[in-house]
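Here the structure comes first, spelled out in C-alpha cells, and everything after it is commentary.
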Amino acid sequence: MIMKEKTDILIFGGQSNMQGQTECLSETETVSNAYEYKWLTNKFMPLKNPVGEDITYDYKAGYYFDKGKDSSEWLAKHVTGSSCYGHTNLVPQFCRSYLKHSRNKVIAVHIAKGSTVINQWLPETDGYGIILKKASGAIEKAKEEYTVNRIFFVWLQGESDAIAATSKEDYKERLTILGDALKKDLGVEKFGIIRVGIFTQDSRDDEIITAQSEICEENSGFLMLTEKAKSFFEIKEYMNPYAHGHFGAKGLEALGALSGDALGRYAYGNK
C-alpha cells in the first residue's frame with residue numbers, strides 16, 4: 001500500500017490586518033511545500049503573495065479591493081476578501097516559519113474580511129458559513145490527496161471590537177463560542193491568536209488585548225502565538241503609512257514569521 005504524504009491545514013481568519021491591507025507587494029516567492037486552497041475553483045495553488053479570495057454573499061466570485069473602489073460597496077457585497085490591492089499578506093511568511101519545524105506539507109486556507117466584529121464570525125452568521133464552506137472544502141479535498149495530520153486556526157481580529165467598545169468579558173465569551181464551534185465542526189486542534197494591536201490607542205484596546213491574553217491562559221483550546229502587534233505600532237517601518245492602524249508589508253511579514261514559528265514549535269515538540 002502506498003502511503004500518502006501528510007499535510008497540516010492552517011485556517012487564517014480575522015479582519016483587515018488578516019485580510020491584508022499593506023502598502024505594497026513586497027515579494028511573490030512561492031513557499032516550498034505549501035499550497036493555498038481556492039474554494040471557488042476547488043484547487044490547491046502554490047502559496048505566494050497575494051493570497052485569499054473575494055467571495056460574495058451569494059458565494060460567487062467577487063472583485064478585489066483596489067484603489068479607487070468604494071469600501072462600503074465592497075464590504076456590502078463580499079463575505080470574505082483577498083489581500084487588498086493585491087499586496088502582501090502574512091500567510092506566506094507564517095507558513096515559511098511553520099515549515100521550519102515540520103516535514104509535512106501545509107495547506108493554507110485564508111478567510112478574512114476587513115471591518116468585521118467578532119459577532120460576524122460566530123455560528124449561524126454568513127461569516128461562519130463561509131468558514132465552514134471553505135475550510136470543509138479544503139479538508140475534504142486534502143483527504144483525497146494526503147493524510148490530514150493536524151488542523152489549526154489562526155486569528156488576527158479585534159480592532160473593530162475595540163472601536164465598538166466590546167468589553168473584555170463579552171469578547172472572551174464570543175471567542176469561546178467560536179473556538180468551541182470550530183473544534184466541533186472542523187476538528188480544529190488549537191485556536192491560535194496573534195494578539196491585536198492598539199487601533200483606538202485608548203482603554204478600548206486594553207479590553208480586547210486583555211481578553212485575548214486571558215483566554216489563552218485559562219482555556220487549553222487557545223494558544224497565544226505572539227504579543228508583538230502592540231509594540232509594532234511604535235515601529236514606523238512596520239505600519240502602512242496610508243491606512244491608520246494597519247500593518248505594512250514588513251509588519252505583517254514580521255508578525256507572520258513570529259507567529260508561524262510559535263505554532264510550529266508547539267506542533268512539533270519545541271514548545
Side-chain angles (χ1 to χ4, degrees), residues 10-21 89-91 94 97-98 110-123 125 127-128 131 151-183 186 188-235 238-239 245-247 251-252 254-267 271:
L10 309 182
I11 307 164
F12 296 86
Q15 58 177 116
S16 54
N17 277 317
M18 182 61 88
Q19 182 181 346
Q21 193 168 338
N89 182 277
L90 67 78
V91 171
F94 185 107
S97 290
Y98 180 86
H110 180 268
I111 314 168
K113 178 185 174 182
S115 299
T116 49
V117 293
I118 192 171
N119 277 348
Q120 291 174 265
W121 297 105
L122 297 184
T125 65
Y128 192 74
I131 290 175
I151 303 173
F152 295 110
F153 190 82
V154 181
W155 183 245
L156 175 51
Q157 189 279 340
E159 298 95 335
S160 289
D161 282 279
I163 293 169
T166 302
S167 71
K168 179 187 75 171
E169 292 306 323
D170 284 347
Y171 192 83
K172 282 174 67 177
E173 179 182 3
R174 294 162 193 174
L175 267 181
T176 302
I177 292 169
L178 179 57
D180 288 347
L182 291 170
K183 182 177 180 180
L186 295 173
V188 167
E189 177 182 340
K190 283 281 186 181
F191 188 118
I193 292 179
I194 300 173
R195 201 179 71 179
V196 76
I198 47 174
F199 194 91
T200 65
Q201 299 185 354
D202 59 37
S203 61
R204 292 173 293 172
D205 290 325
D206 296 332
E207 292 289 304
I208 307 305
I209 289 169
T210 304
Q212 293 182 342
S213 294
E214 288 185 359
I215 202 166
C216 291
E217 295 168 358
E218 300 166 359
N219 189 322
S220 62
F222 291 82
L223 177 68
M224 180 60 67
L225 299 177
T226 181
E227 299 175 342
K228 289 292 187 180
K230 182 178 179 180
S231 63
F232 280 9
F233 271 65
E234 301 171 4
I235 304 174
Y238 280 1
M239 303 306 297
H246 293 88
F247 295 105
L252 282 189
L255 279 179
L258 288 169
S259 50
D261 179 69
L263 186 59
R265 285 187 286 108
Y266 166 79
K271 302 176 187 179

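The structure displayed is predicted, hence computed values, not measured ones. Just the heavy atoms: all of them, side chains too, but no hydrogens, waters or symmetry mates, feed the values below.
What you find for Ser259 and Thr226 is that their closest heavy atoms are CB-CG2, 4.1 Å. In terms of heavy atoms, Leu175 sits closest to Phe222 at O-CZ, 3.3 Å. Minimum heavy-atom separation, Gln201 to Ile198: CG-O, 3.0 Å. Scanning all heavy atoms of the two residues, the minimum distance from Ala229 to Gly197 falls at CB-N, 3.9 Å. Nearest heavy atom pair, residue Trp121 against residue Ile111, reads CH2-O, 4.0 Å.
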For a side chain to side chain contact (heavy atoms under 4.5 Å, CB included) check, start with the C-alpha distance between Leu178 and Phe191, then their side-chain angles and the critical distance, and finish with the verdict. CA-CA 9 Å; Leu178 179 57; Phe191 188 118; 3.9 Å; yes

Worked verdict on Phe153 versus Phe12 for ring pair (Phe, Tyr, Trp, His ring centres under 6.0 Å): CA-CA 6 Å; Phe153 190 82; Phe12 296 86; 8.7 Å; no

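With hydrogens and angles ignored, the 3.5 Å screen pairs a side-chain donor or acceptor of Asp205 with a backbone N or O of Phe199. Formation of a donor-acceptor pair under 3.5 Å by the Glu159 side chain with backbone atoms of Gly245 is not found in this model. Panel note: side chain Gln15, backbone Gly158; a donor-acceptor pair is recorded below 3.5 Å. At least one donor-acceptor pair under 3.5 Å links the side chain of Gln120 to the backbone N or O of Val117. Listed for the Lys190 side chain is a donor-acceptor partner under 3.5 Å among the backbone atoms of Ser220.
Rounded to the nearest 0.5 Å, atoms OH (Tyr98) and CZ (Arg265) are 13.0 Å apart. Between the CD1 atom of Ile215 and the CG atom of Leu223 there is a distance of 12.5 Å, given to the nearest 0.5 Å.
Residue pairs meeting the side chain to side chain donor-acceptor pair (under 3.5 Å) criterion with at least one member in residues 170-179, sequence neighbours excluded, are Asn119-Arg174, Trp155-Tyr171, Gln157-Tyr171, Ser167-Asp170, Tyr171-Gln212, Lys172-Glu214, Lys172-Glu218.
At least one side-chain heavy atom of Leu263 sits under 4.5 Å from a side-chain heavy atom of Phe94.
Remark: of the listed residues Asn89, Leu90, Ile194, Leu156, Leu156 is the sole one forming a side chain to side chain contact (heavy atoms under 4.5 Å, CB included) with Asn17.
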